Every structure is written in structure tokens, then in C-alpha cells.
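All of these numbers come straight from a predicted model, not from anything done at the bench. First the proteins, then the strands, lettered A, B, ... as listed; each starts at 1.
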Amino acid sequence: MGFLKNYTESSFFGLLKTEYPELIPQIMPHPEIKQNLVSSTTIAAVKYKDGVVIGGDRRATVNGHIVINEHVVKVFKTDDHSAIAIAGTFGPSVKMAKLFQVELEHYEKIEGIPLTLEGKANRLSQLIEQNFPAAIQGLPVMPLYAGYDLDAGHGKIFEYDITGGTFIKPKEEPFSTSGSGGDRAASTMEHFYRDDMNESEAMELMIKALDFAAKKDAATGGTSYIIKSVSRDGVKSLVG
Amino acid sequence: MEIGNFISPKKLIEIKRDIVEDALSRSNPILAMEYQNGILLIAENPSYSLHKVSEIFDNIAFAGTGVYNDYERLRKAGVQYADVKGFSYSREDVKAKSIASSYSDTLGEIFSRSNMPMEVEIMLAEVGETQEENRFYYITYSGGLIEEKYFSIIGDIYLDISTKKIEKNLLRNFLKNKNLTGSLNLKETFRLGIDALNSVRTGSKINAEILEAAVLDRKIPKNRKFNRFEKKEIIELIGDGK
């Protein structure tokens, strides 16, 4: 029967794989194509008293220096208590962010309760792992994921490598940066970070970090930034 | 079917109908009604976690009554259909009408082809940006698809008296407030729903413990307009008016 599917589990990605394989993003570059498709960028996340601020610039580049767009969006709300910032190849990254959003919503609707924050972060890790064959051919997806853990009562930041390896930022290093301007953003964070910051102070720090990155990194910039905060009250747009 | 035990198609359908209607006559009614900000859904359901009313997509809610595993399977299929459609086209392309017609196809097919039809009755409610764009679809166990206006009722309808009583009572109340159709606030609409349910109950009056309720509220400032009420919110809504 067409409407009733054999797939009865709670994962949207699983549903696509079983019932709609044609909808799964599967771009695979030719091994001999040497064009560097990775869009360099700066994205960052930093914890504050009541949650996490996550942000990024809006420039998309090819080969690291040809600007093709100044208005792209790299930070997305993924559900009521989490947001993702993407670095890597633009197309696959945006598709993965969208797939991840639906994955979380689908799970919540099928099961009647949302995943825990760890559960969400693990799902994202599995999606990134799926992309590994494309990643080693030059189409990586390397997001930062920030969420508010309602059970633990504080914000958390998750880093990923191209194999899907997950790393939860510890108390000692309450911020994370990624992309070609990431190093400069990280130095800024390291220098100015305070553990008693409120939301607007964390936002100021984020702007400062992105400004410093944009100054030296040609691939970072664009019209303005996109900055969101994730807290117990939900996901809020601060800039952009 | 063995030769020599021939049953005419007409008889076969009658047998299937009897099976389903018997099961459904023991199911509880579910109401969906328009109010100021959208659509309110109320179900009699003593369970805390086995829901009869739930979210399908942004502005579309599902209600099912009858045999749990049957309507649960249909609910999941609806969520899958909606999410795949929203993912591959856009969120705005997901419409209750196309989901309802898929339900209708599926139930019709199962009823005519299978020896064991699904013992369910289901409803889809869709809240629009204006009241005129609200939609109610009610799908019977044999695949009948009916569009309704202002409100919709499923479950318990084959107990001859209660059916008509529920429908009539609500209808009367709605007509009485004709100028207010859909203009009542949440609390008033809830009250009206409870009164309607009470009017057909033979036993004790309805209380919050056996109620499940949710809204599709167009004022919710995000895509997903579905909001399920906690038991304590239901108690608040019912107020102390016993």
C-alpha cells in the first residue's frame, strides 16, 4: 500500500533511506576535479550564564577568495532549544541543516516527546558520518551545534569533525569556533571571555570575534552577521 | 474462501460493517471546534500518554478513535507523508486536503480488499490564516471523506441516540450563537464542548482526568501551531464550574 509505509521507526533520515532514497542528498564529485568548493567562513558559539550564543558571517566564497554571495545564512534554528551553524561546502551543509531540522521535528511528532540534547547531537553526528565519502573528496560538512539542556539546566556546545566525531565543549573551554577565520575568532574569545557574561555581553563578544576574523580572513565578511541565542526560553534572533 | 461456502459481496460488506461498528460504538467521541484563534480539539481519553489528538504538520492536527494500533498507524503515516512533502517541496505545500484524500484511499482500499478492516474513525483539522480558511475533514472506516464546517465530531456515532444528541446539541449551541460562530474565546468554546459531551453522557459528568485537549492556534508565533494542553491547564480551562 502506497500510503502506509513498511518503515515504522522514528527517524526521518531512516524513512528517506528506506522509502525515498532519491531524496537523500548524495553529491559525489569526480575524483579528478580539483576545484576547491569549500566555502571558507567563520562560525562560532560561546556560552553565557543562561545559555549559548551562536553566530556566523554571511559571505560565501569559491577557492577561498572569490566572493560569490554576501547574504547567505549559515546559522539556523533547529528546534525550540537548539541551533546549528554550518561550515564546509555550502550546498551539502545547508541541506544537512535542513535535514537535521526535519529529523528532530519528525522524531518529536512520531514519539510524542522531543529527543534529549545528547540524543540530538548524536543524530547529527550520524548524519555527518553519512557524508564522509563526499567529505574526503573535498565536500566536507563541519557544523557547530548549540543547545540548551533542559534537564541539566545549562547550555552546551558540540563540535564535529568530518567523520562525525563529536566533542562536547568542557567547562574550561566554553566557546568554539570553526572555518578559515576560526583561529582569530578563537583568540578573541580566549582573550575577552568572562564566565559571568549575560546574553547581550555574549553577543558583543561574538560580534568582536567575527569582526577580528573578518579583518584578516578574506573569506569572512558579508553584509552583516547572523547571531542567535539559545536558552531555556527558546531560540532568539539577536542579529540578522 | 472455500468453494461451497460462498458469501455474497453484499453479505461480506455487511459482516465487515458489523465488526467495525460494534468496535466503534464503544469508542469515545472527539470534538473539533472553531474558536477565536483557531481550532480546539477535545477528546475523552483517560490515558496520559496514548494520545487521540496529535500534531501532523504545522497547522494540521489529527484525531483518531477506535482501535489504538489502527489509528496510531494512520497517524504515523500522516506524519511521514507530511514531513516528506514539506522536506521535498515546501512547508506551505503540505495541505490537509491531500492527506485526507490519502487516508480516504487507504481506508477504502483496506475495507474492500482486506478481511479485517481498520476499526477507526479519523479526522483532520487545519487552521487557516483566517477563519474562512479553516478546514475539517472526517474520514470513515470504509474510506468515506466528508468535509465539515465550523466543527467536526468523530467516535461514538453509531449509538443511535448519542450521535444525534451530540451533533444536535453542538449544532444548537452553535446556531444559538450564530453571530458569534468561531468568535468565542478558548474558555467559552471549551465550556461549550464540555456541555455538549456531558449532554450525551449517561454516567457521571466529564472531568479533567479523562480529558485530552489541544489547539491549533494561529497566534502561535512559529510554524507549528499545535499546542497540547497539560492536565493542569485543562483544569484551569474548565474552571470550577462542575
Within a 6.0 Å radius of atom [atom1] on [X], are there more than 12 heavy atoms belonging to other residues, nucleotides or ligands?
{"X": "A/Lys98", "atom1": "NZ", "value": "yes"}
{"X": "B/Lys231", "atom1": "NZ", "value": "yes"}
{"X": "B/Lys16", "atom1": "NZ", "value": "yes"}
{"X": "B/Lys85", "atom1": "NZ", "value": "yes"}

With a 4.5 angstrom heavy-atom cut-off, could you sort out which part of [X] is near chain B: side chain, backbone, both or neither?
{"X": "A/Leu15", "answer": "side chain"}
{"X": "A/Thr8", "answer": "backbone"}
{"X": "A/Leu16", "answer": "side chain"}

Are side-chain heavy atoms of [X] and [Y] found at a separation under 4.5 Å?
{"X": "B/Gln80", "Y": "A/Phe12", "answer": "no"}
{"X": "B/Lys76", "Y": "A/Lys5", "answer": "no"}
{"X": "B/Val84", "Y": "A/Val102", "answer": "no"}

Within this structure, what is the [atom1]-[atom2] distance for the pair [X] and [Y], rounded to the nearest 0.5 Å?
{"X": "A/His106", "Y": "B/Phe57", "atom1": "NE2", "atom2": "CZ", "result": "11.5 Å"}
{"X": "B/Tyr81", "Y": "A/Leu4", "atom1": "OH", "atom2": "CG", "result": "13.0 Å"}
{"X": "B/Ser49", "Y": "A/Glu111", "atom1": "OG", "atom2": "CD", "result": "11.5 Å"}
{"X": "A/Leu99", "Y": "B/Phe87", "atom1": "CG", "atom2": "CZ", "result": "4.5 Å"}
{"X": "B/Arg73", "Y": "A/Phe3", "atom1": "CZ", "atom2": "CZ", "result": "11.0 Å"}
{"X": "A/Lys109", "Y": "B/Ile56", "atom1": "NZ", "atom2": "CD1", "result": "7.5 Å"}

With a strict 4.5 Å heavy-atom criterion, list every residue of residues 218-230 of chain B that contacts chain A, or say none.
B/Lys222, B/Arg224
With sequence neighbours left out, what residues match A/Glu19 under salt bridge (charged side-chain N to carboxylate O under 4.0 Å, His left out)?
none
Please step through side-chain contact (heavy atoms from CB on, under 4.5 Å) for the pair B/Asp58 and A/Glu105, ending with a clear verdict.
CA-CA 10 Å; B/Asp58 292 353; A/Glu105 183 184 328; 4.3 Å; yes
